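See below for the structure under consideration.
As the structure is a prediction and not an experimental result, all values here were calculated from the model. Below, chain A is the first sequence line, B the second, and so on; all start at residue 1.
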Amino acid sequence: EDQVTQSPEALRLQEGESSSLNCSYTVSGLRGLFWYRQDPGKGPEFLFTLYSAGEEKEKERLKATLTKKESFLHITAPKPEDSATYLCAVRPGTYKYIFGTGTRLKVLA
Amino acid sequence: DVKVTQSSRYLVKRTGEKVFLECVQDMDHENMFWYRQDPGLGLRLIYFSYDVKMKEKGDIPEGYSVSREKKERFSLILESASTNQTSMYLCASSPGTDEETQYFGPGTRLLVL
């Protein structure tokens with residue numbers, strides 16, 4: 001069964017304390033892995049798309065990496081404005097996307 | 001910049017009412033999707049459309065219908081709203097090419113009383 005698991009469910013960091021969020025997946029054939037940021041009461045905001053193992057993408061303090069079984073979202077020297085829920089999704093087939101339940105990140109000043 | 005808009009941010013409806021949620025995208029995307037998001041359950045696909053007038057059921061289509069008369073517009077219809085349809089509704093679109101990133105609208109928070 002296709003499945004996405006995100007860990008931890010919640011994470012509290014001090015400002016400047018780097019960490020990583022994990023997205024583990026089990027799919028029959030990966031056609032894309034996506035990271036989104038979601039603020040309370042708003043729609044998910046696109047961050048990154050990764051397609052193959054070994055691929056990495058960066059944007060400001062965020063860096064996403066992909067292996068054959070998992071993806072990491074590394075947050076370097078986070079700021080309070082990075083507080084949000086981070087969602088991971090995989091696309092195992094045409095039109096089908098499977099979402100994790102997210103990691104709630106809180107960065108304290 | 002991809003822009004997906006939804007007709008309402010908040011809606012309050014009574015049980016049994018017919019509810020229309022509208023979504024418009026301005027990037028000429030082929031595919032459009034409706035999800036609902038509930039705490040602890042993540043995003044669940046209700047319906048998607050890969051072309052005008054074409055639609056496919058997602059994982060939880062019961063109690064919902066959709067309409068796509070124009071490429072840029074995808075409507076979700078609750079024929080007779082029930083309290084268990086209280087949720088956050090999210091519309092998304094994707095290009096329909098090899099690059100299949102979904103882009104989401106701001107969401108509609110629906111409360112059915």
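Among B/Gln102, B/Met88, B/Gln6, the residue making the largest number of heavy-atom pairs under 4.5 Å with chain A is B/Gln102. Top candidate by heavy-atom pairs under 4.5 Å with chain A, chosen from B/Leu43, B/Leu41, B/Thr101, B/Leu90, is B/Thr101. Residue with the most contacts toward chain A among B/Gln37, B/Glu56, B/Arg44: B/Gln37 (heavy-atom pairs, distance under 4.5 Å). Interface check for chain B: of the options A/Gly43, A/Pro44, A/Gly100, A/Gly41, the most heavy-atom pairs under 4.5 Å are formed by A/Pro44.
Judged as a side chain to side chain donor-acceptor pair (under 3.5 Å), the pairs with a partner in residues 57-68 of chain B (not counting sequence neighbours) are, in order, B/Arg36-B/Tyr64, B/Ser49-B/Arg68, B/Tyr64-B/Tyr89, B/Ser65-B/Glu79.
By the 6.0 Å contact criterion, CZ on A/Arg61 is enclosed, its count of non-hydrogen atoms from other residues, nucleotides or ligands being greater than 12. Residue A/Lys42 qualifies as open at atom NZ: its count of foreign heavy atoms under 6.0 Å is 12 or below. Residue-environment remark: CZ (A/Arg104) stays at or below the threshold of 12 foreign heavy atoms within 6.0 Å.
Both B/Phe104 and B/Tyr50 are assigned to one and the same hydrophobic cluster, defined by single-linkage of ILVMFWY side chains at heavy-atom distances under 4.5 Å.
With a 4.5 angstrom heavy-atom cutoff, A/Leu87 touches chain B only via side-chain atoms. Neither the backbone nor the side chain of B/Tyr10 comes within less than 4.5 Å of any heavy atom in chain A. Contacts of B/Arg9 with chain A are made by side-chain atoms alone, with heavy-atom separations under 4.5 Å and no backbone atom involved. With a 4.5 Å cut-off on non-hydrogen atoms, A/Glu9 does not touch chain B at all.
Aromatic ring pairs are classed by plane angle as parallel below 30°, tilted from 30° to 60° and perpendicular above 60°; the pair B/Tyr35 and A/Phe99 is perpendicular.
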